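These numbers were taken from a predicted model, which means no experiment stands behind them.
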Amino acid sequence: MQLDALVLYNSDGDVRQIRFRPGQLNIITGESGTGKSSIIGILRFLLGGDSPHVPLGPIQNTVHWYGLLAHVGATHFFIGRPAPGHGATTSQAFLAIGETAIPPLADLHTNANVSDLVDYLGGLIGIAENLHVPAAGQTRRPLAANLRHALYYCFQGQGEIANPELLFHHQSREHQKQAIRDTLPYFLGAQDSDALRKRQELSDVRRELRRATVRLGEARTARELGVGRAVGLIADARASGLLAPDTVPTDAGEAFEILTRVLNSEEPSSDVDDLDSAGEMERLLARRSELRNTLRDLNEKIRGLDEFARVGTEYNAELDEHRVRLASIGLIPDEQEAAATCPICENRLDTPSAHAAITHSLERVARRIELAHRDEPRVTQARAELIQARSAARTELADIYTALDDLAQTDQLRETMQRSWEQQSFVRGRIAQYLDTATLADDDVMTALEHAVENLERRAARLDDELDPEQLRSAVNSLLNIVGRRMTSLARSLPLEHSENGVRIDPYRLTIVADTLQGPAYMDAGAIGSGMSWVGYHLTAYLALQDYFIEANRPVPRFIVLDQPSQAFFPRDRDTGGDLTELSDVDRTNTRKLYEMIFNVVTELEGRLQVIAFDHADFPEPWFEESVVEIWRDGNALIPQSWLHSGESGHRPEREKKDNGGTR
């Protein structure tokens, strides 16, 4: 992949394009504050980032869409991304395949997202399916290399190119350092593109090996322990009533058969009794309450009759006693006597009124006695009926108590049987589990299981050897030695500090290490000094890597974007632009050497590598002047002056309104 043009659109449809020459050194030189350092963020955004990360100011206020013309081999394409508001991100994208011309703003629309873009471009440059799986015991997740990881080797930002503590683009960001370590083996070619298939095969083999090992272990356990666990299950079956108490196996085979017979026997029903005991008990309790009330009423009535009879008897006794007293003193005359005799003087009473009064009084007493005796049979009969009713009620109440006791015993029986059924079901479940997992293998089966385990172990060991982390480490170091030889050649041509004995990339510390007589000198540890060496080693590392990627045909874009390689020598805040007169002869020479090295490497690769550099420096040498594509001085910059006046007219809010749906 190489870049043809960076395109900016404002909301009026005006286009600002920066043309790049494929396969050559492209230099944009100019003053500070013209937007050079923002180009890397914009390019990363167009290649799958979530934001261009441009500062507040002219770019943020005027750009409506960003665009990129590029190609991979003969395949040309155009990528468009709507500019998100400040602090916002977007996943929207426009992708036109086969496009060689810059489309107008009216033709731009969302037809893809970032994921589609990264997948398409990754496949276009040849990133095959891959996966880096961390070593056993490490907690980070497997990582598949994609286009974003390939861009580590395509950009060097202003804060990276002269930083001795960093080597690769975005190395200082969270999790990026480990991502570089994990994906570098794939981009170098140390990790075969077939590694994913092998890792999946190894995972399958290990899973099958675990299963076969378990089966073999169970078979051995069953043979070695004989009755073993089966005896315990048979004891449980006896205790729950599934087997006769005298059932005892003599060997593992018989135990297996007994358990199979238990499992295949008819399972007892859990429906102990169809009687609706709850409803019957409720009816009996209600009837018991009624009978208790009836007995209470009958007892009250019987007590009332008894009291009535007692009072009547006492009254009759008093009347008889009264008449007897009268008779005993002769006050009661005979019926034949015409006249009565006075009981005191024994003279005849000739007065009829006295006689009549006594006679009348005696007749009244006699009638009362007669009436009292006449009520006795009826009271006796009523009392007998009440006693009979009470006896019947008591009998029925006794029957109800008996029925309630029977129901209580039935419920207890039901509960006992339910517990027994549940216990039997539990034992059956354990037996079923045992029979599903247990095996009583004969010699042939055992031999087959052992051979299967051995074959799986051999396959796993072979795949382990092919995917051995140590072998991968060795392969990475071997390939980086090739890169290191090219680095050393470039470093000596400048020359850079400690380059005489060889320099290389440390893939684990992600830094430059120079071999010295005193031992390895690591750049990130301060063992390599001077700004020239820091910038020089960054450039030699990137150029050597790209040289290797091209020769090995690895899936990495064929361009490098550099932001201010001369910053170690050239003051960033100069008002004189690219005038080199204020630089010392040494700094001027070193700056020229860096660019000349880049130009020579690009020329040697014969169009297979494109380098884009932004800088203040401007050398009069013909090769440098031919490499300059734009000069941003005297008002020329990334954003045209005409856009700044248009931006002040207030079109930015309209762009932000249109972008609302594209931010997240």
Side-chain angles (χ1 to χ4, degrees), residues 269-335 337 340 343 353-422:
S269 173
S270 62
D271 187 8
V272 179
D273 192 0
D274 294 333
L275 178 63
D276 184 7
S277 60
E280 180 64 15
M281 182 169 287
E282 184 177 354
R283 185 188 66 79
L284 291 174
L285 290 174
R287 180 58 181 163
R288 185 184 68 176
S289 179
E290 293 177 2
L291 289 174
R292 285 176 174 175
N293 292 333
T294 300
L295 285 174
R296 191 180 299 110
D297 293 340
L298 290 173
N299 286 330
E300 289 293 334
K301 290 178 180 180
I302 290 172
R303 281 195 295 271
L305 286 177
D306 289 343
E307 181 66 20
F308 179 79
R310 183 186 63 78
V311 172
T313 301
E314 291 177 353
Y315 181 64
N316 288 337
E318 289 180 359
L319 288 178
D320 286 337
E321 184 178 355
H322 183 56
R323 187 174 64 173
V324 168
R325 282 198 302 266
L326 292 176
S328 64
I329 59 175
L331 289 180
I332 300 177
D334 295 334
E335 293 180 357
E337 290 181 355
S353 58
H355 181 271
I358 292 173
T359 302
H360 180 71
S361 176
L362 290 174
E363 289 176 354
R364 188 167 59 250
V365 170
R367 282 197 301 272
R368 289 178 179 175
I369 292 173
E370 180 182 356
L371 289 174
H373 285 293
R374 189 177 58 187
D375 290 337
E376 287 180 0
R378 289 187 298 175
V379 170
T380 301
Q381 182 180 357
R383 186 174 184 278
E385 292 175 355
L386 289 175
I387 289 175
Q388 184 178 2
R390 183 176 66 178
S391 177
R394 284 177 174 174
T395 300
E396 184 178 357
L397 186 60
D399 293 340
I400 288 175
Y401 278 119
T402 301
L404 288 173
D405 289 340
D406 292 342
L407 281 177
Q409 293 177 1
T410 301
D411 287 344
Q412 185 176 4
L413 176 62
R414 181 185 291 105
E415 183 178 353
T416 301
M417 294 180 68
Q418 181 70 21
R419 285 197 302 268
S420 175
W421 176 81
E422 290 175 353

Gap between atom [atom2] of [Y] and atom [atom1] of [X] - 0.5 Å precision:
X      : Y      : atom1 : atom2 : value
Asp297 : Leu386 : CG    : CG    : 10.5 Å
Leu298 : Arg303 : CG    : CZ    : 10.5 Å
Lys301 : Arg296 : NZ    : CZ    : 13.5 Å
Glu385 : Ile302 : CD    : CD1   : 11.0 Å
Asn299 : Arg390 : CG    : CZ    : 5.0 Å

Spell out, as yes or no, whether a donor-acceptor pair under 3.5 Å connects the side chain of Thr395 to the backbone of Ser391.
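At least one qualifying donor-acceptor pair exists.
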
If you take all heavy atoms of Leu295 and Ala393, which pair is closest and at what distance?
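Result for this residue pair: CD2-CB, 3.4 Å.
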
Can you tell me if Gln388 has over 12 outside heavy atoms packed within less than 6.0 Å of its CD?
no

